[in-house]
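Read through the structure below, which is laid out as structure tokens, and then see the notes.
Since the structure is predicted, the reported quantities are computational estimates derived from the model, not experimental observations.
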Amino acid sequence: MPKLVRIVIQLPVELKAQLDALKQQGYTTSGFIRAMLERELTKPEDDASNVLPMVKKVNSR
């Protein structure tokens with residue numbers, strides 16, 4: 001298993017409530033977010049302009 005790192009994010013109350021509702025369906029917040037990120041970040045380049053449109057690209061060093 002790869003080494004895992006912890007991140008902390010802030011969410012609006014409404015999104016947190018939706019994540020909490022997923023627990024009733026058997027999902028964990030971490031599992032849901034990991035699956036969503038993997039799905040979004042592995043889309044073909046053609047779709048890259050539509051992925052996370054409100055996120056600003058940051059140059060990595």
Side-chain angles (χ1 to χ4, degrees):
M1 179 176 217
K3 182 178 179 185
L4 302 177
V5 296
R6 186 172 303 269
I7 63 169
V8 177
I9 62 169
Q10 294 179 319
L11 298 172
V13 173
E14 297 81 13
L15 281 179
K16 174 67 167 94
Q18 289 177 315
L19 286 173
D20 289 343
L22 288 174
K23 289 181 184 180
Q24 302 294 325
Q25 300 174 28
Y27 291 96
T28 64
T29 298
S30 293
F32 177 80
I33 292 171
R34 267 194 303 270
M36 182 186 63
L37 286 171
E38 287 175 5
R39 184 174 58 246
E40 290 296 318
L41 296 175
T42 58
K43 285 185 177 180
E45 281 296 315
D46 298 352
D47 280 349
S49 62
N50 295 328
V51 175
L52 305 174
M54 297 186 71
V55 175
K56 193 175 184 182
K57 279 192 174 180
V58 178
N59 292 331
S60 59
R61 294 180 181 201

In Å, rounded to the nearest 0.5 Å, how long is the span from OG1 of Thr29 to CG of Asp20?
6.0 Å
How long is the straight-line distance from CD of Glu14 back to CG of Leu19, given to the nearest 0.5 Å?
12.0 Å
Would you say Ile9 and Val13 are hydrophobically clustered, going by side-chain heavy atoms of ILVMFWY under 4.5 Å?
no
Do Leu37 and Ile7 belong to the same hydrophobic cluster, where Ile, Leu, Val, Met, Phe, Trp and Tyr are linked whenever their side-chain heavy atoms lie under 4.5 Å apart, directly or via other members?
yes
Kindly compute the distance separating CG (Leu11) from CD (Gln18), expressed to the nearest 0.5 Å.
10.0 Å
